[in-house]
Protein chains: 2
Amino acid sequence: MDAALPDGAAHVGPRVRALRSAQGMSLSELARRAGLGKATLSGLEAGTRNPTLDTLHSVAAALGVALTALVSESTRIQGAAVAMDLLRVFDDGPATYELYRMRIPAGAAQTSPPHHAGVTEHATVFAGELRAGALDAPGTAGPGGYLEWTADTPHGYAAIGGQDVHASLLIRYPR
Amino acid sequence: MDAALPDGAAHVGPRVRALRSAQGMSLSELARRAGLGKATLSGLEAGTRNPTLDTLHSVAAALGVALTALVSESTRIQGAAVAMDLLRVFDDGPATYELYRMRIPAGAAQTSPPHHAGVTEHATVFAGELRAGALDAPGTAGPGGYLEWTADTPHGYAAIGGQDVHASLLIRYPR
DNA sequence: CGCGGGTGTTCCGTTTACGGAACGATGGCA
DNA sequence: TGCCATCGTTCCGTAAACGGAACACCCGCG
């Protein structure tokens with residue numbers, strides 16, 4: 001399960017430094033605005049420290065970005081053709097929802113084994129032409145279009161137009 | 001004792017606890033899987049500690065969710081009846097997309113002035129019964145349902161069932 | 001040349017997040 | 001009923017993240 005997740009903390013430092021210098025802000029000034037010691041920031045950017053949630057929050061606020069922007073590591077699920085980034089997990093009463101961003105290279109296709117009973121998938125297309133759904137009855141949708149299907153049977157995804165498909169995919173897992 | 005952990009930290013604890021119990025996992029088991037001490041997790045969930053990035057990373061991995069899912073904070077847009085949290089902004093080729101999470105209290109309703117021409121809105125309902133769309137031709141959708149409408153005319157949102165509406169709203173702005 | 005104000009790094013004492021162990025509470029099971 | 005496993009919390013010594021100060025360095029300016 002551990003997979004080859006590169007140590008998340010290692011990426012935060014360079015990202016802070018990049019965001020900071022992109023705004024033309026000095027380390028000293030960021031420390032002042034964030035109410036942190038310069039030693040803290042120096043170590044954080046160098047990756048020699050393991051920052052606290054409070055510290056990260058202060059830095060993000062002083063940089064004017066969301067905390068997510070500092071720690072976001074795209075947990076990418078890379079399939080044969082489909083790449084999905086998990087954006088968010090909702091936990092709403094009778095069901096759990098996972099919201100993904102999906103990319104499919106032009107012309108590529110992929111099938112997926114069935115999930116548990118009652119699971120449905122909902123896709124909203126940003127760009128390209130998506131064909132998706134049950135293998136024997138797929139639907140198609142272009143930019144702005146929407147598709148939904150039950151995922152408890154074998155289903156597939158394909159970019160049938162001449163360009164890459166970008167879409168958001170919502171997977172609903174009932175209790 | 002006062003602790004008084006600033007903002008962000010306060011929300012992480014309950015979220016971890018919610019995600020953990022949603023999977024039917026005990027605190028002890030999560031501690032074991034994450035390679036953390038039970039004291040660390042107990043304090044984290046209670047909000048009496050200020051966790052380290054490493055700790056958060058371990059917890060997220062053991063829960064099988066992205067680190068973002070633990071620390072994400074929302075930029076909320078609060079209307080008369082509708083509360084929307086901006087989740088993500090996409091900038092894909094010919095259009096820009098804003099992905100929101102939308103909540104409407106049971107029985108509440110709200111109208112929205114027109115946006116620019118060509119703007120469309122796409123809603124996927126998680127819970128409750130949503131009535132939304134052009135004022136003269138709204139549609140309705142329940143859990144798992146989908147609605148879309150053009151936003152360049154006056155439009156509205158309403159929770160018509162007896163319970164709150166939870167939905168994801170995608171707004172598409174063509175160039 | 002100083003000199004003052006800026007940079008980022010390093011040192012150091014204090015604070016605190018960490019894991020391990022002990023704790024009381026709870027829940028089967030014989 | 002006792003027994004034992006597991007639950008989540010609390011206590012405590014250690015490791016380390018924290019802020020402040022000292023540091024070397026680099027500029028613009030008189």
Side-chain angles (χ1 to χ4, degrees), chain A residues 1-2 5-65 67 69-71 73 91, chain B residues 1-65 67-71 73:
Chain A
M1 296 314 145
D2 42 47
L5 276 189
D7 188 19
H11 293 324
V12 173
R15 197 162 326 181
V16 168
R17 177 155 294 187
L19 286 169
R20 175 172 67 79
S21 57
Q23 300 185 21
M25 197 187 306
S26 71
L27 185 147
S28 305
E29 186 177 351
L30 178 56
R32 227 175 299 122
R33 293 197 194 185
L36 298 172
K38 294 196 292 180
T40 301
L41 263 186
S42 181
L44 191 162
E45 292 191 354
T48 62
R49 282 204 190 181
N50 176 19
T52 287
L53 180 58
D54 266 7
T55 298
L56 290 173
H57 193 273
S58 299
V59 170
L63 283 172
V65 303
L67 180 50
L70 298 186
V71 301
E73 41 190 64
D91 216 358
Chain B
M1 270 329 292
D2 51 349
L5 294 177
D7 337 318
H11 296 331
V12 172
R15 199 164 323 184
V16 168
R17 177 155 294 187
L19 286 169
R20 173 172 68 78
S21 57
Q23 300 186 21
M25 197 186 307
S26 72
L27 186 148
S28 304
E29 185 177 351
L30 178 56
R32 227 174 298 124
R33 291 197 195 184
L36 298 173
K38 293 197 292 180
T40 301
L41 264 186
S42 180
L44 190 162
E45 292 191 354
T48 62
R49 282 204 190 180
N50 175 19
T52 287
L53 181 57
D54 267 7
T55 297
L56 290 173
H57 193 273
S58 299
V59 170
L63 284 173
V65 304
L67 180 50
T68 303
L70 298 187
V71 301
E73 33 181 79

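Sequence lines set the chain letters: A, B, ... in the order given, protein chains first and strands last, and positions in each chain run from 1. Reckoned from all heavy atoms, side chains included, excluding hydrogens, waters and symmetry mates.
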>> On DNA chain D, does the nearest nucleotide to E45(B) precede the nearest nucleotide to T48(A) from the 5' side, or the other way round? Give the residue.
In response: E45(B)
May I have the distance from [X] (atom [atom1]) to [N] (atom [atom2]), rounded to whole angstrom?
X      : N       : atom1 : atom2 : value
M25(B) : dG8(D)  : CE    : C1'   : 16 Å
R49(B) : dT16(C) : CZ    : C1'   : 9 Å
N50(B) : dA16(D) : CG    : P     : 17 Å
K38(A) : dA22(D) : NZ    : C1'   : 10 Å
L44(B) : dT10(D) : CG    : P     : 15 Å
L56(B) : dA17(D) : CG    : C1'   : 14 Å
L53(B) : dA17(D) : CG    : P     : 11 Å
L27(B) : dA5(D)  : CG    : P     : 20 Å

Tell me whether the side-chain N/O atoms of [X] come closer than 4.0 Å to OP1 or OP2 in [N].
X      : N       : answer
S26(A) : dT7(C)  : yes
R20(A) : dG8(C)  : yes
T40(A) : dG19(D) : yes
T52(A) : dC18(D) : yes
S28(B) : dT6(D)  : no
S42(A) : dT10(C) : no
T55(B) : dC18(C) : yes

> How is L36(A) classified with respect to the nucleic acid when contacts are heavy atoms under 4.0 Å: base, sugar-phosphate, or nothing?
Replying inline: sugar-phosphate
> Any side-chain heavy atom of L19(A) sitting closer than 4.5 Å to one from V59(A)?
Replying inline: no
>> Assess the residue pair L53(A) and L67(A) against the criterion (side chain to side chain contact (heavy atoms under 4.5 Å, CB included)); give the C-alpha distance rounded to whole Å, side-chain angles, the decisive distance to 0.1 Å, and a yes or no.
In response: CA-CA 9 Å; L53(A) 180 58; L67(A) 180 50; 3.9 Å; yes
>> Using a 3.5 Å distance criterion without hydrogens, assess whether the side chain of S42(A) forms a donor-acceptor pair with backbone atoms of K38(A).
In response: no
>> When you measure from the side chain of T52(A) to the backbone of T55(A), do you find a donor-acceptor pair of N or O atoms at a distance under 3.5 Å?
In response: no
> Between E45(A) and L27(A), what is the shortest heavy-atom contact and its length?
Replying inline: OE1-CD1, 3.9 Å
